[in-house]
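Please read all numbers here as calculations on a predicted model, not as lab measurements.
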Amino acid sequence: ITLEDIIEKIIGDNIVDETDQYVDSARDIKVDRGESFEWARLRLLDAKIVDELLSPSEVKAVTAHLRMNFTSTVQQLTDSQLSRLVATTPVVTLQTARHQLGKELPEDLMYEKGKPNDSCTLILSGKVTILAGAENFRSDLSSWCVVGKTALEKPEFCPDFTAFVSDGPCRILRITHNAFQAAVKASATERVQTEKKGSFRKSVSLPNDGTDSYGDTRSTASSDAPNRREKLLAKLFRKESIDNPIVDELDSEVKETIVRSSEEENDAEEKPDEQGDNKEKEASVNGTTESTENGGSK
């Protein structure tokens, strides 16, 4: 006899708590527990309860796995958007599905045949059983397998199979259709911005040799200028007629500039010759002095 039994006799009614499976001791009427309360709301009252996310190393591993083995599914996503999608998707832990007597399928189903579902599942650990076809052919999937990837492309995806956890706890990633399509749009915007930056850099960058687009024209003009100046200087110093049509193209200031530059070049050429003559004179004087000293010593 418990305290609950005594209280029930006093009040003249049965007390049904969370541990009772039947309404009375006769075990005739089973307790009907309707899950009307949303237990997920309790998460708002406790700041310590947060969604489990993948670690940075796990994000890199999952991203590389999807990029290498499911290329056709994630080809619309850039590397940065794919990493962000995996990093922001919470990890869900499912327990082993419970079978009831007389029923072929358990109650806790991940996917149900013919029932719409908008999520794609990546299995991180545990084992998931798939029943497919009219005869429910059974197959088991384990880590790194993807289930329902068609849901990422089609908003109304109805699986032709049934899936449930057969060996838990099972850690999974559920990527919804809306989250994937948002990542696709962000990837398209990112590619457009990257192309604009690349085209702008090409327009303002210089060639590898450090010259601009006018380098060839300027080099040709600079190579032709000395030749023309030499011809004009030769004709000027030969005292040719000033009425020469080539010389007429120059005004008086340009002629003076050309004459002045030519004189400076002549002076520069004469200075090394004078220095060479001075050196020869010094060498001859030194030689004469040495010979005189040698003769005196003899």
Side-chain angles (χ1 to χ4, degrees), residues 35 37-44 46 49-97 105-132 139-166 168-192:
E35 295 293 338
F37 180 75
E38 296 182 6
W39 295 98
R41 294 183 179 181
L42 294 177
R43 299 165 63 88
L44 302 176
D46 192 353
I49 301 178
V50 296
D51 292 329
E52 179 188 358
L53 300 177
L54 295 177
S55 63
S57 58
E58 290 177 328
V59 171
K60 292 181 180 179
V62 172
T63 302
H65 173 69
L66 294 177
R67 182 67 71 184
M68 294 296 296
N69 298 287
F70 301 93
T71 307
S72 59
T73 304
V74 298
Q75 63 181 353
Q76 298 179 352
L77 302 182
T78 60
D79 292 338
S80 59
Q81 293 299 326
L82 179 59
S83 299
R84 188 188 65 80
L85 178 63
V86 173
T88 55
T89 301
V91 180
V92 180
T93 302
L94 302 178
Q95 301 299 327
T96 304
L105 298 175
E107 296 179 354
D108 304 326
L109 297 177
M110 296 174 57
Y111 293 90
E112 186 175 355
K113 183 186 300 183
K115 187 176 181 179
N117 197 309
D118 66 341
S119 62
C120 172
T121 303
L122 172 64
I123 305 173
L124 301 176
S125 63
K127 184 171 68 174
V128 175
T129 297
I130 305 293
L131 301 178
S139 61
D140 295 329
L141 303 178
S142 57
S143 302
W144 301 108
C145 294
V146 174
V147 183
K149 61 181 180 180
T150 310
L152 300 178
E153 301 175 358
K154 297 181 179 180
E156 297 180 358
F157 167 65
C158 291
D160 57 353
F161 58 88
T162 300
F164 58 90
V165 178
S166 57
C170 181
R171 297 175 69 240
I172 63 173
L173 277 181
R174 279 180 175 170
I175 303 175
T176 62
H177 174 80
N178 293 334
F180 183 80
Q181 293 301 321
V184 170
K185 294 180 181 179
S187 299
T189 304
E190 183 178 341
R191 289 191 180 97
V192 171

Exercise. What's the spacing between K154 NZ and D118 CG if we round to 0.5 Å?
Worked result: 15.0 Å
Exercise. Among side-chain atoms of S119 and N117, is any donor-acceptor pair under 3.5 angstrom?
Worked result: yes
Exercise. How close do I172 and M110 get, heavy atom to heavy atom, and via which atoms?
Worked result: CD1-CE, 4.2 Å
Exercise. Distance only, no hydrogens: is a donor on one side chain within 3.5 Å (strictly under) of an acceptor on the other, for Q76 and S187?
Worked result: no
For this session: Give the minimum heavy-atom separation between T93 and P169, together with the two atoms involved.
Result: CG2-CB, 3.9 Å
Problem set entry | Candidate pair L122 and I175, rule side-chain contact (heavy atoms from CB on, under 4.5 Å), full reasoning | CA-CA 8 Å; L122 172 64; I175 303 175; 5.9 Å; no
Problem set entry | Flag side-chain contact, heavy atom, 4.5 Å: K115 against C158 | no
Problem set entry | Residue pair S143, L124: steps toward the side-chain contact (heavy atoms from CB on, under 4.5 Å) verdict | CA-CA 5 Å; S143 302; L124 301 176; over 6 Å; no
Problem set entry | V146 and L141, any side-chain heavy atoms less than 4.5 Å apart | no
Exercise. If you take all heavy atoms of T89 and L173, which pair is closest and at what distance?
Worked result: O-CD2, 3.5 Å
Exercise. With a 4.5 Å limit on heavy-atom distance, are the side chains of L152 and T73 in contact?
Worked result: yes
For this session: Could you tell me whether a side-chain N or O of Q81 sits under 3.5 Å from a main-chain N or O of T78, the two making a donor and an acceptor?
Result: no
Problem set entry | Nearest-0.5 Å distance that lies between atom CD in Q75 and atom CG in L66 | 13.5 Å
Exercise. Do D140 and T129 have side-chain atoms, one donor and one acceptor, less than 3.5 Å apart?
Worked result: yes
For this session: Report yes if some heavy atom in the side chain of R171 is under 4.5 Å from a heavy atom in the side chain of V92; otherwise report no.
Result: no
Exercise. Going by distance alone, is a donor N or O of one side chain under 3.5 Å from an acceptor N or O of the other, for E112 and T162?
Worked result: no
For this session: Give me the ring orientation class for F161 and Y111: parallel if the planes are under 30° apart, tilted from 30 to 60°, perpendicular past 60°.
Result: tilted
For this session: Check whether any side-chain heavy atom of D79 sits under 4.5 Å from a side-chain heavy atom of T63, and report yes or no.
Result: no
For this session: Look only at the side chain of T96 and the backbone of G168, and say whether a donor-acceptor pair between them is shorter than 3.5 Å.
Result: yes
For this session: Would you check if the side chain of R67 reaches a backbone N or O of V74 as a donor-acceptor pair within less than 3.5 Å?
Result: yes
Problem set entry | Ring centers of H177, F157 separated by less than 6.0 Å | no
Exercise. Any idea which heavy atoms bring F164 and D108 closest together, and the distance?
Worked result: CB-O, 3.7 Å
Exercise. Are any of the side-chain heavy atoms of L77 and L85 separated by less than 4.5 Å?
Worked result: yes
Exercise. Of the non-hydrogen atoms in V59 and S83, which two are nearest, and what is the gap between them?
Worked result: CG1-O, 3.8 Å
Exercise. Closest approach of C120 and K149, non-hydrogen atoms and distance?
Worked result: SG-CA, 3.6 Å
